[in-house]
Protein chains: 2
Amino acid sequence: MGKQMTEMLKGTLEGIVLAILSRRPAYGYEITTRLREMGLTDIVEGTVYALLIRIEQRGLADVERHPSEKGPPRKVYSLNAQGQAYLEEFWQTWSLLTAQLKQLHEGEE
Amino acid sequence: MGKQMTEMLKGTLEGIVLAILSRRPAYGYEITTRLREMGLTDIVEGTVYALLIRIEQRGLADVERHPSEKGPPRKVYSLNAQGQAYLEEFWQTWSLLTAQLKQLHEGEE
DNA sequence: ACTGGTACATAGTAGCACAGAGTAGTCGCA
DNA sequence: TGCGACTACTCTGTGCTACTATGTACCAGT
């Protein structure tokens with residue numbers, strides 16, 4: 001992946017994953033797949049798992065183990081109230097930043 | 001500053017500063033002031049200077065020293081061709097990311 | 001037996017913004 | 001003369017994040 005994208009993802013990837021979880025519960029492998037489908041093709045599996053563990057430890061999501069037809073059991077994450085609040089805060093911060101960048105970009109020439 | 005904003009700025013602050021420089025040359029203290037004016041009130045001086053040094057070392061900007069009426073001489077940075085190209089790449093990456101997040105945000109509920 | 005897909009985990013690395021402190025020059029004021 | 005306020009730049013150390021590169025484990029199809 002481009003280095004620029006890598007750096008930009010710091011701080012946003014977390015929000016992206018939380019947003020995915022806010023729609024419906026999901027597990028790591030599934031999330032990785034979905035990220036790839038939506039164009040974030042080069043996100044590494046290990047990154048997602050590490051992120052999910054962080055999310056769990058901060059109490060933003062609850063975890064349940066579900067047996068899988070294939071391979072080891074899945075760890076299904078579902079966003080809880082605290083996670084929802086955190087996500088809303090994320091969207092606020094994000095819209096602030098985009099507004100500022102938009103202003104910069106438009107006034108460019 | 002909020003921790004979320006701090007993390008989001010990783011990778012974007014560089015682009016922001018380059019965008020400021022693309023309008024007209026500027027020096028560190030001036031850039032800090034301008035960032036504060038545009039709402040990024042809590043960005044630390046040291047961060048900006050460190051970023052400028054990085055920009056210089058990568059050859060994205062040229063530097064000239066100008067004596068100041070007040071205080072030590074200013075280091076005036078001006079974006080060069082390479083920096084301009086890098087900035088354009090930044091905008092592309094940025095618009096890609098915003099498009100993906102917009103999609104996620106709108107399809108939320 | 002072997003390959004490939006599913007699913008999770010982790011040790012080490014690099015990059016970035018922040019905290020905090022320091023260095024220097026100029027000016028105004030008591 | 002001494003002090004604070006403002007301008008302007010520099011540096012060390014810390015914490016957080018995504019990546020690299022592996023490894024583990026389970027199952028299906030050939």
Side-chain angles (χ1 to χ4, degrees), chain A residues 1-18 25-36 40-58 60-61 63-77 86 90 93 97, chain B residues 1-18 25-36 40-58 60-61 63-77 86 90 93 97:
Chain A
M1 188 160 29
K3 213 176 121 273
Q4 292 196 347
M5 186 54 101
T6 292
E7 291 306 324
M8 272 185 213
L9 282 175
K10 294 185 180 181
T12 52
L13 184 57
E14 186 177 82
I16 292 173
V17 169
L18 289 177
Y27 55 96
Y29 192 81
E30 185 189 0
I31 292 173
T32 307
T33 311
R34 237 186 282 173
L35 288 173
R36 300 226 159 111
L40 267 12
T41 49
D42 294 309
I43 286 183
V44 177
E45 258 193 288
T47 300
V48 177
Y49 289 113
L51 177 53
L52 286 172
I53 287 170
R54 235 156 52 218
I55 286 174
E56 181 189 355
Q57 282 175 348
R58 288 199 205 141
L60 305 176
V63 185
E64 268 181 68
R65 300 194 93 93
H66 290 284
S68 161
E69 314 89 43
K70 292 188 164 191
R74 297 167 175 167
K75 280 178 76 178
V76 176
Y77 294 78
Y86 189 86
F90 170 81
T93 310
L97 189 62
Chain B
M1 190 162 27
K3 212 177 120 268
Q4 292 196 348
M5 185 55 100
T6 291
E7 290 305 324
M8 272 185 211
L9 282 174
K10 294 187 181 180
T12 51
L13 184 58
E14 186 177 84
I16 292 173
V17 169
L18 289 176
Y27 54 96
Y29 192 81
E30 184 189 1
I31 292 172
T32 307
T33 311
R34 235 186 283 173
L35 289 173
R36 300 229 159 110
L40 266 14
T41 49
D42 294 310
I43 287 184
V44 177
E45 259 193 288
T47 300
V48 176
Y49 288 111
L51 178 53
L52 285 171
I53 288 170
R54 235 157 51 219
I55 287 174
E56 181 188 357
Q57 281 174 350
R58 289 198 204 139
L60 304 177
V63 185
E64 268 181 70
R65 299 192 93 93
H66 290 284
S68 161
E69 315 88 42
K70 292 188 165 195
R74 297 167 175 166
K75 281 178 74 179
V76 176
Y77 294 79
Y86 189 86
F90 169 81
T93 310
L97 190 61

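Here is the naming used below: chain letters follow the sequence lines, and residue numbers restart at 1 for every chain.
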Starting at [atom1] of [X] and ending at [atom2] of [N], how long is that distance when rounded to a whole Å?
| X | N | atom1 | atom2 | value |
| --- | --- | --- | --- | --- |
| A:L13 | C:dC16 | CG | C1' | 16 Å |
| B:L35 | C:dA17 | CG | C1' | 13 Å |
| A:I31 | D:dA18 | CD1 | P | 13 Å |
| B:I16 | C:dC16 | CD1 | C1' | 13 Å |
| A:I43 | D:dA21 | CD1 | C1' | 18 Å |
| A:L52 | D:dA18 | CG | C1' | 14 Å |
| B:M8 | D:dC16 | CE | P | 17 Å |
| B:L97 | D:dT17 | CG | P | 17 Å |

Inset, instruction - Sugar-phosphate atoms are those with a prime plus P, OP1 and OP2; base atoms are the rest. Using that split, label each nucleotide of nucleotides 7-15 of chain C B, S or - for protein heavy atoms under 4.0 Å, 5' to 3'. - result: BBBB----B

Inset, instruction - Indicate yes or no for a side-chain donor-acceptor contact from B:Y29 to the backbone of B:E45 under 3.5 Å, with no hydrogens or angles considered. - result: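 Pair absent, no side-chain N/O of B:Y29 close to backbone of B:E45.
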
Does any part of the side chain of [Y], heavy atoms only, come nearer than 4.5 Å to the side chain of [X], both counted from C-beta?
| X | Y | result |
| --- | --- | --- |
| B:L52 | B:I31 | yes |
| B:Y77 | B:E56 | yes |
| B:F90 | B:E14 | no |

Legend entry - For the student: nearest non-hydrogen atoms of B:I55 and B:A61, plus distance: CG2-CB, 3.7 Å

Legend entry - Short N-O contact, A:E30 and A:R34, less than 4.0 angstrom: yes

